[in-house]
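Reviewing the structure listed below.
Values below: all heavy atoms of this structure, side chains included; hydrogens, waters and symmetry mates excluded. Each ligand, and each atom within it, is numbered from 1 in the order the structure gives.
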Amino acid sequence: NKVHEATGSGTGVLGDQKSLNTYYANSTYYLYNVTKPMSGVIATYDNNNGGQYSLPGYYVTDSGNTFYSERQKAAVDAHYYAGEVFDYYYNNFNRESYDGNGADIVSSVHFGSNYNNAAWVGNQMIYGDGDGSTFTYLSGADDIVAHELTHAVTDTTAELVYENQSGALNESFSDVFGYFVDNEDWLMGEDVYTPGVPGDALRSMSNPTQYDQPAHMDDYQDLPNTEQGDWGGVHINSGIPNKAAYYTINSIGQSKAEEIYYRALTVYLTPNSTFSDARQALIQSAQDLYGSTTANSVASAWNNIGVY
Ligand SMILES: CCCCC[C@H](S)C(=O)N[C@@H](Cc1ccccc1)C(=O)N[C@@H](C)C(=O)O
Ligand SMILES: [Zn+2]
């Protein structure tokens, strides 16, 4: 409600200044804001490096509505980018929050100890600090935030099972919407990956093989469906649908591609969808929205990566 809404300022992971939607109460300011129109909230917490707190941890607050400290950087970006992704889904697809029903968006930063990952854990996002060499604070990359929040969209729509081909699709859709939100480049995680090494990334959608992912069905990696096997290589085999997305976006443009990926995810895909099912879902979505020329472009993108 109006009396509590405030606009703070903060320093992000990369030292950049940004305005923040904050909440004033008990003579302090919170990284917390109410979203419109259904009044969900975006709330950001510090999980205290897995200290004595369970998730979500404690609210990130500042008495001066200025979030400039080193410890606050990860929270600044987690909060800011969560708002950016909320706006992306609302403005492009009229989807209010990840469930389309104004669900609260909760993020916890400083999760674990030197944790080189970020995740959607079923009801909230968690962000590790990284070990400072492989990653710095993972919330510092908007494509990572969009990746994680898109898992929540997937979990409330197609519910793609997180293993084997459906799991690689799950991962790929998160990367694809990460691209749509970030769309500076075809790289994933570059802003926080290896802070000491410029220009590299965890993955490349335009050139998956650059970071040891297959880019064609002939090179699909049959890995065990175990934690050690990355559940059948979901982060490895995602290179194949990622490359198809690269071809698709280049041939039909981002605005059409966004609509067909969203329609495929929310209308056609199901928990056990395979790569071939995804090809068909995207072709059908393209046909539904834009006709056969666009549908044929999608078909050839998937033909190029050996999925029919
Ligand atoms: C609980 C542990 C597994 C969760 C994996 C999460 S969903 C995930 O995929 N995280 C992304 C983070 C990311 C996204 C975009 C760019 C960079 C990094 C991910 O790809 N994690 C890699 C490191 C992995 O888990 O293998
Ligand atoms: Zn993921």
Side-chain angles (χ1 to χ4, degrees), residues 13-14 47 50 55 74 77-78 81-82 84-85 98 107-109 111-195 197 199-208 210-214 221 223-242 245 265:
V13 171
L14 304 181
N47 191 229
L55 285 175
D77 279 345
Y81 291 138
E84 190 182 57
V85 179
Y98 57 82
S107 304
S108 295
V109 296
F111 174 85
S113 169
N114 297 327
Y115 186 52
N116 283 318
N117 220 338
W120 171 258
V121 293
N123 61 348
Q124 69 159 93
M125 287 175 281
I126 58 168
Y127 297 96
D129 292 343
D131 60 12
S133 166
T134 302
F135 281 108
T136 184
Y137 309 132
L138 278 92
S139 58
D142 57 351
D143 53 3
I144 295 180
V145 175
H147 174 110
E148 301 314 338
L149 205 43
T150 296
H151 279 305
V153 175
T154 298
D155 288 357
T156 52
T157 54
E159 297 181 270
L160 289 161
V161 178
Y162 202 69
E163 64 190 33
N164 302 323
Q165 286 195 22
S166 54
L169 286 176
N170 191 323
E171 273 299 304
S172 178
F173 271 76
S174 276
D175 280 353
V176 170
F177 282 95
Y179 169 79
F180 289 146
V181 170
D182 178 31
N183 74 21
E184 278 170 0
D185 50 50
W186 296 105
L187 300 174
M188 297 305 301
E190 69 283 0
D191 291 345
V192 295
Y193 187 67
T194 61
V197 179
D200 65 347
L202 184 69
R203 290 186 289 277
S204 164
M205 296 179 64
S206 57
N207 191 8
Q210 185 174 1
Y211 300 112
D212 306 320
Q213 286 188 292
Q221 308 278 303
L223 292 167
N225 182 15
T226 60
E227 183 169 16
Q228 197 177 7
D230 191 30
W231 312 113
V234 299
H235 291 94
I236 293 148
N237 292 309
S238 61
I240 298 165
N242 280 2
L265 187 64

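- No N or O atom of His151 sits closer than 3.5 Å to an N or O atom of ligand 1.
- The atom name of the N/O/S atom in His151 closest to the Zn ion (ligand 2) is NE2.
- Residue-ligand proximity, Ala118 to ligand 1, at heavy-atom distances under 4.0 Å covers atoms 6 (C), 8 (C), 10 (N).
- Residue nearest to atom 5 (C) of ligand 1, selected from Tyr193, Tyr162, Trp231, Tyr127: Tyr162 (by heavy-atom distance).
- Considering backbone and side-chain N/O atoms, Glu148 comes within less than 3.5 Å of an N/O atom of ligand 1.
- As for Glu171, its N/O/S atom nearest the Zn ion (ligand 2) is the one called OE2.
- At under 3.5 Å, a nitrogen or oxygen of His235, whether backbone or side chain, sits near a nitrogen or oxygen of ligand 1.
- Contacts between Asp143 and ligand 1, counted as non-hydrogen atom pairs separated by less than 4.0 Å, are absent for every part of the residue.
- For Asp77 against Ser139, the heavy-atom pair with the smallest separation is CB-O, 3.3 Å.
- The shortest N/O to N/O separation between Asn117 and ligand 1 falls below 3.5 Å.
- Atom CD of Gln228 sits in a sparse spot, with 12 or fewer heavy atoms from other residues, nucleotides or ligands closer than 6.0 Å.
- Note on His147: counted as a metal contact of the Zn ion (ligand 2), an N/O/S atom lying under 2.8 Å.
- Scanning both residues, Ala78 and Tyr127, for their nearest heavy atoms gives CB-CE1, 4.0 Å.
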